[in-house]
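Heads up, the thing below is written out as structure tokens.
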Amino acid sequence: MTQEKTDWQQSHRLNQAGSEKPVQISLLEARKWALKELTAAGLNADEASDNVDFLLTGALKVNYGMLRANLTRQMHPWLAKRWPTWIAQLLKGVPAQYVLGQAPFYGREFVVDDRVLIPRPETELLVDWVLSDLKAKGEQAPTVLDVGTGSGAIILTLAQELPDARGIGLDISLDALAVAKKNRHQFELANRVGLMQSDLFTAVADQRFDVIVSNPPYIRPDGQEEMDKSVVAFEPDLALYAPNGGKALYERMAHGLEKQLTPGGVAYFEIGYDQGEALTKVFQDQLPTATVTLKQDLAGLDRMIRVQLKK
């Protein structure tokens with residue numbers, strides 16, 4: 001029996017013979033216990049509250065308002081059994097999304113674990129940009145390629161928002177593709193979204209797409225000092241870091257982009273906040289007749305690039 005489990009049971013209930021009984025505790029008491037454990041270990045109170053509430057709402061499949069309204073209810077035994085283990089993982093710095101095994105993206109829950117990056121709100125802005133452009137052009141059934149698909153969040157979201165679209169998600173990591181396949185299965189998209197192992201465009205070298213979208217590794221290899229410790233410790237290096245100051249994969253994709261897009265096709269890339277000027281030059285130099293547009297995130301930082309080919 002782990003120390004965390006012993007402490008949890010001593011705080012609540014053991015049976016008279018010393019063997020385990022299901023812990024009987026309200027959601028409110030369980031939440032208070034978790035917050036006490038986390039803040040005692042030095043975690044910021046707001047961050048502790050955010051993590052605990054994320055676990056509770058995700059496990060119970062309720063929104064935050066519903067959670068608040070039902071805190072006096074008893075925690076279900078299956079969750080009470082897992083709760084001390086989950087909090088122990090938070091104490092070790094494991095991201096709450098990995099603890100729960102899911103993360104929200106564009107209003108849906110995606111399976112995630114340490115084989116893939118946790119989807120970020122910034123990437124939702126990239127999806128917004130793609131959808132907005134397609135809507136403005138009246139394009140309902142584009143072919144889409146997602147390079148470095150990870151959990152599949154981008155390609156599977158686009159497929160759900162565009163019911164007539166078809167696409168492929170590529171990743172060099174078989175581990176990441178295993179996670180993406182779980183998400184494809186839960187959203188029932190195997191008939192419209194293919195998933196393939198590939199080093200960038202290699203597996204689809206003979207195909208063209210109306211839209212290419214990518215959130216590739218773009219952090220320079222020595223960039224850990226600017227990153228959250230949990231990202232450095234737990235998220236996969238293969239999906240985070242790239243040579244040449246984080247620009248190497250964009251340079252390779254820029255070189256092959258014209259061959260992979262249909263005439264007039266468009267590519268969208270998420271980028272690092274300090275890479276806008278350099279990557280604009282990379283794409284413009286490689287594709288001098290293309291229109292290259294830089295776009296900022298909600299904080300006003302460079303975050304996305306669009307490359308529009310001429311027809």
Side-chain angles (χ1 to χ4, degrees), residues 95 97-98 103 105 110-120 122-123 126-127 130 143-159 166-185 187 189-190 192-209 211-224 227 231-261 265 267-272 275 279 282-283 286 304-305 307:
Q97 294 90 339
Y98 288 163
F105 186 81
F110 283 79
V111 174
V112 296
D113 59 31
D114 61 6
R115 294 174 289 179
V116 297
L117 290 184
I118 297 166
R120 300 301 203 274
E122 292 87 351
T123 308
L126 186 68
V127 170
V130 176
T143 53
V144 182
L145 179 67
D146 177 15
V147 183
T149 196
S151 65
I154 292 175
I155 187 66
L156 296 173
T157 297
L158 290 172
R166 307 182 77 85
I168 296 174
L170 305 178
D171 207 293
I172 197 170
S173 167
L174 286 174
D175 284 340
L177 288 169
V179 178
K181 286 175 182 177
K182 288 183 179 181
N183 285 311
R184 183 178 65 176
H185 175 74
F187 296 125
L189 287 169
R192 291 197 291 121
V193 176
L195 294 169
M196 303 169 62
Q197 185 182 29
S198 181
D199 181 7
L200 300 183
F201 300 134
T202 305
V204 293
D206 60 344
Q207 298 183 54
R208 288 177 179 261
F209 300 85
V211 174
I212 292 176
V213 61
S214 182
N215 178 19
Y218 57 69
I219 300 171
R220 65 181 191 275
D222 63 347
Q224 290 90 344
M227 300 165 62
V231 175
V232 175
F234 295 101
E235 299 200 42
D237 288 357
L238 187 62
L240 291 170
Y241 306 108
N244 194 20
K247 301 190 295 293
L249 298 183
Y250 298 102
E251 291 167 343
R252 288 179 57 196
M253 285 190 281
H255 182 72
L257 204 56
E258 195 165 19
K259 295 178 181 179
Q260 302 297 156
L261 283 170
Y268 301 80
F269 302 91
E270 184 171 329
I271 66 172
Q275 296 175 324
L279 290 179
V282 165
F283 287 109
Q286 187 64 46
M304 296 161 277
I305 282 182
V307 182

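Starting from 1, each residue takes its place in the sequence as its number.
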key: Matching residue for Ile212 among Val204, Val147, Thr143, Val307 - test: side chain to side chain contact (heavy atoms under 4.5 Å, CB included)   =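 Among Val204, Val147, Thr143, Val307, the one meeting side chain to side chain contact (heavy atoms under 4.5 Å, CB included) with Ile212 is Val147.
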
task = Check each of Leu257, Leu279, Val213 against Phe269 using the side chain to side chain contact (heavy atoms under 4.5 Å, CB included) test, and report the only one that passes.
result =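 For Phe269, the side chain to side chain contact (heavy atoms under 4.5 Å, CB included) test succeeds with only one of Leu257, Leu279, Val213, which is Leu257.
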
Counterpart residues, salt bridge (charged side-chain N to carboxylate O under 4.0 Å, His left out), relative to Asp199 (two or more places apart) =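 Asp199: salt bridge (charged side-chain N to carboxylate O under 4.0 Å, His left out) contacts with Arg252.
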
Distance in Å, Asn215 CG paired with Arg120 CZ, rounded so as to fall on 0.5 Å steps =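 Here the interatomic distance stands at 9.5 Å.
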
Do the side chain of [X] and the main chain of [Y] share a donor and acceptor less than 3.5 angstrom apart?
X      : Y      : answer
Gln275 : Tyr218 : yes
Glu235 : Val116 : no
Gln197 : Ile172 : yes
Arg192 : Ala159 : yes
Arg208 : Glu258 : yes
Asp171 : Leu177 : no

Residues which pass side-chain hydrogen bond (donor to acceptor under 3.5 Å, both in side chains) with Asp146, listed by chain and number, not counting sequence neighbours =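 So Asp146 forms a side-chain hydrogen bond (donor to acceptor under 3.5 Å, both in side chains) with Thr149.
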
task = Begin with the C-alpha distance, continue with both residues' side-chain angles, and end with the deciding distance and a verdict on side-chain contact (heavy atoms from CB on, under 4.5 Å) for Phe110 and Leu156.
result = CA-CA 10 Å; Phe110 283 79; Leu156 296 173; 4.0 Å; yes

key: Pairwise side-chain contact, Phe187 with Val193, heavy-atom cut-off 4.5 Å (strictly under)   =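 Side-chain contact under 4.5 Å: no.
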
query = Given the rule in the side-chain contact (heavy atoms from CB on, under 4.5 Å) test, do Tyr98 and Val112 qualify, once you have shown the distances and angles that lead to the verdict?
reply = CA-CA 6 Å; Tyr98 288 163; Val112 296; 4.2 Å; yes

